[in-house]
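Remember, it's a predicted structure, so these values are computed and weren't measured experimentally.
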Amino acid sequence: MQRPDGASSERMVYVGIGLVFALLLAGYLIYKIAVVVLVLLLTILFSVIISAPVDYLNQRGIGRGWGTSMVFGGLVLVLVIAGAALVPAIEDQATELVETFPALLENAQQIILRLQSALGLGASFSLDPQRLLGSARSFLTGGTLTTVASVGASVATVISFGVVVLIATVYTVAQPAPLVNGFVALFPAARRQRVREILGEMYGAVQRWFLGQLASMIIIGLLSTVALFIIGIPFALLLGILSGLISFVPYVGPVISVIPPVLLALTVDPIDALWVILAYVIIQAVESNLIQPIVMSRAVSLHPAVVVFAVLIMGTLFGFVGVFLAVPLVAALHVLLRELWIKRT
């Protein structure tokens with residue numbers, strides 16, 4: 001009577017050891033083909049996001065091919081209109097920022113010197129605007145051929161991978177059934193319906209995350225622009241758009257986005273820096289207590305510590321693109337873990 005139990009325990013030990021080695025091997029392979037993994041993850045993410053309006057059009061009787069063309073055409077039109085409306089103003093503010101950079105740097109140096117004097121620090125801190133501008137100019141215009149070739153190769157690689165992601169996304173959105181059916185066919189017949197249900201829940205979770213995140217970014221960008229304009233911080237539109245874009249990095253993005261306007265405020269009037277901090281605290285309070293409960297009410301709920309570590313891990317492994325993929329990937333894994341493990345236990 002004890003032999004079957006012993007054999008079962010021994011088999012479980014071997015299975016556990018096999019799973020550990022399988023995970024280690026999978027991690028090693030992912031590390032070696034990180035770029036391919038990133039392209040695959042980006043394709044899946046963009047396909048899930050674009051599929052939402054295509055599914056809506058398909059339910060209204062429009063084929064997926066025509067629906068995909070209409071959605072991509074609409075996205076291009078929106079980007080063109082937004083670019084025509086915002087790019088001139090952003091370009092003017094960016095040009096003004098470059099022109100006033102030496103004066104801002106000089107004001108920053110004066111503030112640092114006054115702080116050193118008030119604190120009784122003897123070390124001097126010197127910023128030479130002309131030297132910094134000269135260094136930047138020489139870096140941009142006087143680089144070696146090797147540096148230029150390296151940058152050119154990197155740009156070409158990014159563009160080529162971007163084209164691959166775009167083409168793969170178009171085909172995936174237009175014809176998802178063969179891919180889904182092929183993946184489901186890998187499982188036993190009795191489990192295939194359950195696999196489809198889990199895939200559908202993961203699909204919905206990522207879509208809800210994207211809609212909530214997009215709404216949150218737009219609202220934060222608008223509120224930040226209005227607040228900075230009222231306070232009188234220069235380049236309010238540029239900094240507001242930056243705040244909205246950076247807010248896609250949860251918890252870390254808002255902290256980073258407040259640094260540039262505070263530095264600019266210090267060079268103009270130190271009191272304005274306090275108003276900037278207060279404005280950003282109020283915006284984050286509104287976003288956390290009003291916007292998040294409304295726009296994220298149907299999205300997945302993830303613990304802040306889990307999100308922060310996910311961003312840290314993905315950013316360390318895959319850079320900026322990994323930071324972009326961290327939250328939707330964790331949302332999908334959360335659904336998978338909930339359905340396959342938590343409900344069973």
Side-chain angles (χ1 to χ4, degrees), residues 26-27 30 33-56 68 71-72 75 158 161-162 164-166 168-173 176 179-180 183 195-221 244-254 256 287-288 291-342:
I30 291 174
I33 56 173
V35 175
V36 178
V37 174
L38 283 180
V39 171
L40 177 61
L41 292 177
L42 285 173
T43 300
I44 295 174
L45 177 60
F46 291 149
S47 299
V48 171
I49 293 172
I50 301 297
S51 290
V54 175
D55 291 339
Y56 177 82
T68 302
V71 171
F72 274 98
L75 287 175
V158 171
F161 282 125
V164 171
V165 171
L166 176 61
T169 300
V170 170
Y171 280 109
T172 302
V173 174
L179 296 175
V180 175
F183 178 78
V195 171
R196 288 184 182 275
E197 294 175 358
I198 294 176
L199 289 177
E201 293 180 8
M202 296 171 65
Y203 175 80
V206 174
Q207 284 188 338
R208 291 191 297 270
W209 163 83
F210 173 74
L211 292 176
Q213 189 63 49
L214 180 63
S216 179
M217 290 170 61
I218 293 174
I219 295 174
I220 290 176
L245 293 176
I246 295 180
S247 65
F248 87 91
V249 182
Y251 308 110
V252 179
I256 298 176
E287 193 267 343
S288 301
I291 299 175
Q292 284 287 342
I294 294 176
V295 302
M296 290 290 194
S297 59
R298 300 179 58 191
V300 293
S301 178
L302 300 173
H303 194 278
V306 175
V307 175
V308 170
F309 276 103
V311 171
L312 177 63
I313 293 172
M314 291 294 291
T316 303
L317 293 177
F318 303 113
F320 176 77
V321 181
V323 173
F324 176 73
L325 291 169
V327 179
L329 182 60
V330 172
L333 292 177
H334 172 77
V335 174
L336 190 64
L337 182 64
R338 182 189 66 203
E339 297 298 326
L340 295 183
W341 181 256
I342 296 177

Undergrad: Looking at every non-hydrogen atom in both residues, tell me the closest pair between A168 and T43 and how far apart they are.
TA: CB-CG2, 3.6 Å

Undergrad: Can you find a heavy atom in the side chain of V206 that is under 4.5 Å from one in the side chain of V335?
TA: no

Undergrad: Taking all atoms of both residues into account, what is the closest heavy-atom pair of Q207 and V48, and its distance?
TA: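 In terms of heavy atoms, the two residues are closest at NE2-O, 3.0 Å.
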
Undergrad: Taking atom CG of L166 and atom CZ of F161, what is their separation to the nearest 0.5 Å?
TA: 15.0 Å

Undergrad: Working to the nearest 0.5 Å, report the span between CZ of F46 and OG1 of T172.
TA: 12.5 Å

Undergrad: Could you measure the distance from the CH2 atom of W209 to the CG atom of L329? Nearest 0.5 Å is fine.
TA: 10.5 Å

Undergrad: Please tell me if the side chains of M202 and I198 come closer than 4.5 Å, counting only heavy atoms from C-beta onward.
TA: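 Of all side-chain heavy-atom pairs linking I198 with M202, at least one is under 4.5 Å.
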
Undergrad: With side chains defined as the heavy atoms from C-beta onward, is the minimum distance between F210 and L45 less than 4.5 Å?
TA: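 F210 vs L45: side chains apart.
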
Undergrad: Please name all residues satisfying side chain to side chain contact (heavy atoms under 4.5 Å, CB included) with L245, sequence neighbours left out, ordered by chain then number.
TA: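 With neighbours one apart ignored, the set is M217, I241.
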
Undergrad: Are more than 12 heavy atoms, taken from residues, nucleotides or ligands other than F72, located less than 6.0 Å from that residue's CZ atom?
TA: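 Enclosed: over 12 neighbouring heavy atoms sit under 6.0 Å from CZ of F72.
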
Undergrad: Atom CG in L41, atom CE in M314: separation rounded to 0.5 Å?
TA: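 It comes to 6.0 Å.
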
Undergrad: About how many Å separate CG of L211 and OG of S216, when rounded to the nearest 0.5 Å?
TA: 12.5 Å

Undergrad: What's the separation between atom CD1 in I220 and atom CD1 in I246, rounded to the nearest 0.5 Å?
TA: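 Answer for the CD1-CD1 pair, I220 versus I246, is 11.0 Å.
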
Undergrad: Does a side-chain heavy-atom distance below 4.5 Å link L75 with I50?
TA: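 With C-beta onward as the side chain, the pair touches.
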
Undergrad: Would you indicate whether the side-chain heavy atoms of D55 and Y203 approach each other to under 4.5 Å?
TA: yes

Undergrad: Any donor and acceptor pair, going by atom type alone, linking the side chain of T169 with main-chain N or O of V165 inside 3.5 Å?
TA: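 Present.
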
Undergrad: I need the minimum non-hydrogen distance between A310 and A326, along with the two atoms involved.
TA: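 Minimum heavy-atom contact is O-CB, 3.7 Å.
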
